[in-house]
Amino acid sequence: MYRISIPYGYLAQHGISKADLAQDLRTGLDSSDDVDADPETSNPGSTAPEPDNDDYQNASGSYTFQNTTKIRNNLGTSGGYTGINYNAGQSVNYDRVYKNINGYDWLSYISYGGQRRYVAMTNSSQSSSNQSYESTSGTYRFNNTTRIRNGLGTSASYSGRNYTAGQSVVYDRVYRNVDGYDWLSYISYSGQRRYVAMTNGGGGQSTSGQQNQSGAYTFRNTTKIRNGVGVNAGYTGRNYQPGQTVYYDRVHKNVNGYDWLSYLSYSGQRHYVAMTN
């Protein structure tokens with residue numbers, strides 16, 4: 001018979017008493033006490049992914065972006081940003097539509113990596129879908145450099161391109177009196193709908209308040225001469241001074257709180273002044 005010498009002193013250094021050892025010899029070791037065991041503990045600070053929103057439409061299609069748009073891992077403006085964007089002109093093929101979340105409608109699709117992604121419908125032209133327009137076609141020749149926009153109105157995103165004086169646009173829609181202008185709309189060569197203000201003459205404002213009336217007006221106050229009708233129209237950098245007189249051929253009633261006079265300058269440009277007396 002062999003006698004086994006048990007190193008009680010060594011075990012005691014590791015917190016194991018004689019009683020502990022006797023218990024272990026009787027019952028065996030529990031795997032939970034195995035120093036090599038990998039206990040399942042949650043990663044501090046980690047959270048479960050947000051559950052998907054079930055309130056969506058099973059609608060598929062293709063959407064072309066007019067603005068740089070973030071691709072997100074979750075739905076909404078607080079959804080995790082992937083670090084990747086869709087750029088203007090790129091398209092996404094989607095299979096779900098979520099309506100009115102954080103002020104946007106959202107498209108969702110499965111990426112090449114198998115992950116579901118979300119993008120907001122950021123095209124500003126979406127807002128024009130609720131605007132009434134005239135299905136009128138024609139050609140319009142610009143007298144001024146005019147910005148081409150991706151949506152309707154002066155706050156819509158700028159495409160980065162202009163029509164310059166002398167160029168013409170062939171349009172198929174007319175929007176009346178939006179942000180003080182009448183607007184023309186057309187489909188570009190790339191298939192995108194574009195919008196331009198009618199900036200000739202009356203700054204494009206709706207003609208409903210215009211009177212073809214001529215006369216002379218003498219100013220009592222320093223008054224700015226503008227390229228369009230309204231207080232937000234471009235300033236020419238020149239003024240009428242008290243005592244000076246303008247000879248006008250049009251009157252625009254009640255625009256931004258003023259009646260406005262319009263005339264053709266010596267250079268052939270139409271200018272506008274508020275009746276500030």
Side-chain angles (χ1 to χ4, degrees), residues 66-67 123-214 223-238 246-275:
Q66 296 172 0
N67 309 289
N123 293 355
S124 54
S125 60
Q126 293 298 116
S127 62
S128 67
S129 62
N130 295 325
Q131 291 280 349
S132 61
Y133 61 85
E134 302 170 14
S135 294
T136 304
S137 59
T139 301
Y140 180 86
R141 186 176 184 273
F142 293 90
N143 293 338
N144 310 290
T145 299
T146 302
R147 290 186 171 188
I148 302 171
R149 298 188 179 273
N150 293 316
L152 184 63
T154 55
S155 299
S157 63
Y158 173 42
S159 70
R161 296 185 295 278
N162 303 314
Y163 276 103
T164 56
Q167 290 186 312
S168 297
V169 62
V170 178
Y171 59 89
D172 62 355
R173 292 182 183 178
V174 178
Y175 294 82
R176 295 293 183 185
N177 198 18
V178 177
D179 296 334
Y181 293 89
D182 290 343
W183 293 75
L184 305 175
S185 181
Y186 64 96
I187 300 294
S188 68
Y189 291 115
S190 63
Q192 302 302 307
R193 183 161 287 282
R194 307 295 190 195
Y195 302 81
V196 286
M198 298 175 71
T199 56
N200 294 354
Q205 89 293 336
S206 180
T207 59
S208 58
Q210 175 185 309
Q211 299 175 8
N212 291 319
Q213 176 181 336
S214 59
T223 302
K224 290 182 176 181
I225 302 172
R226 298 187 179 273
N227 291 315
V229 69
V231 295
N232 295 317
Y235 172 42
T236 64
R238 297 186 300 278
V246 62
Y247 296 92
Y248 59 89
D249 61 356
R250 293 181 184 174
V251 178
H252 299 267
K253 292 290 189 179
N254 195 22
V255 178
N256 300 140
Y258 294 93
D259 291 343
W260 294 75
L261 305 175
S262 178
Y263 64 97
L264 286 178
S265 68
Y266 292 115
S267 64
Q269 300 299 309
R270 182 160 290 280
H271 289 152
Y272 303 80
V273 285
M275 299 177 70

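Taking both residues in full, the closest heavy atoms of Gly230 and Arg226 are given as O-CD, 3.3 Å, listed atom of the first, atom of the second, then distance. In terms of heavy atoms, Val273 sits closest to Lys224 at CG1-O, 3.7 Å. In plain terms, the two heavy atoms of Ser185 and Tyr195 that are nearest each other are OG-CE2, 3.5 Å.
At a threshold of 4.5 Å between non-hydrogen side-chain atoms, the residues Phe142 and Val196 count as touching.
Ile148 CD1 to Ser157 OG: the interatomic distance, rounded to the nearest 0.5 Å, is 12.0 Å. Considering CG of Asp182 and OH of Tyr140, their distance stands at 9.0 Å, rounded to 0.5 Å. Rounding to the nearest 0.5 Å places OG1 of Thr236 at 5.0 Å from CD1 of Ile225. From Gln269, atom CD reaches atom CG of Asn143 across 7.0 Å, with rounding to the nearest 0.5 Å.
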Just do the side chain to side chain contact (heavy atoms under 4.5 Å, CB included) check on Val231 and Trp260 with the steps written out, would you? CA-CA 10 Å; Val231 295; Trp260 294 75; 4.0 Å; yes
Quick one, Asp249 with Arg270, criterion side chain to side chain contact (heavy atoms under 4.5 Å, CB included). Give me CA distance, side-chain angles, the key distance, then yes/no. CA-CA 10 Å; Asp249 61 356; Arg270 182 160 290 280; 2.9 Å; yes
Determine, stepwise, if the pair Leu184 / Val169 fulfils side chain to side chain contact (heavy atoms under 4.5 Å, CB included). CA-CA 9 Å; Leu184 305 175; Val169 62; 4.1 Å; yes
Test side chain to side chain contact (heavy atoms under 4.5 Å, CB included) on Val251 and Leu261 and set out the steps. CA-CA 5 Å; Val251 178; Leu261 305 175; 3.9 Å; yes
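Arg194 meets the side chain to side chain donor-acceptor pair (under 3.5 Å) test with Asn150; sequence neighbours excluded. For Thr164, the side chain to side chain donor-acceptor pair (under 3.5 Å) partners are Gln167, not counting sequence neighbours.
Not one N or O on the side chain of Ser168 forms a donor-acceptor pair closer than 3.5 Å with the backbone of Thr139. Judged by distance alone, with hydrogens and angles left aside, the side-chain atoms of Ser262 form a donor-acceptor pair with the main-chain N or O of His271 at under 3.5 Å.
Ring pair Tyr163/Tyr186 is perpendicular by interplanar angle, where above 60° counts as perpendicular and below 30° as parallel.
Atom OH of Tyr235 sits in a crowded spot, with more than 12 heavy atoms from other residues, nucleotides or ligands closer than 6.0 Å. Counting heavy-atom neighbours within 6.0 Å of Tyr263 OH, excluding the residue itself, gives a total above 12.
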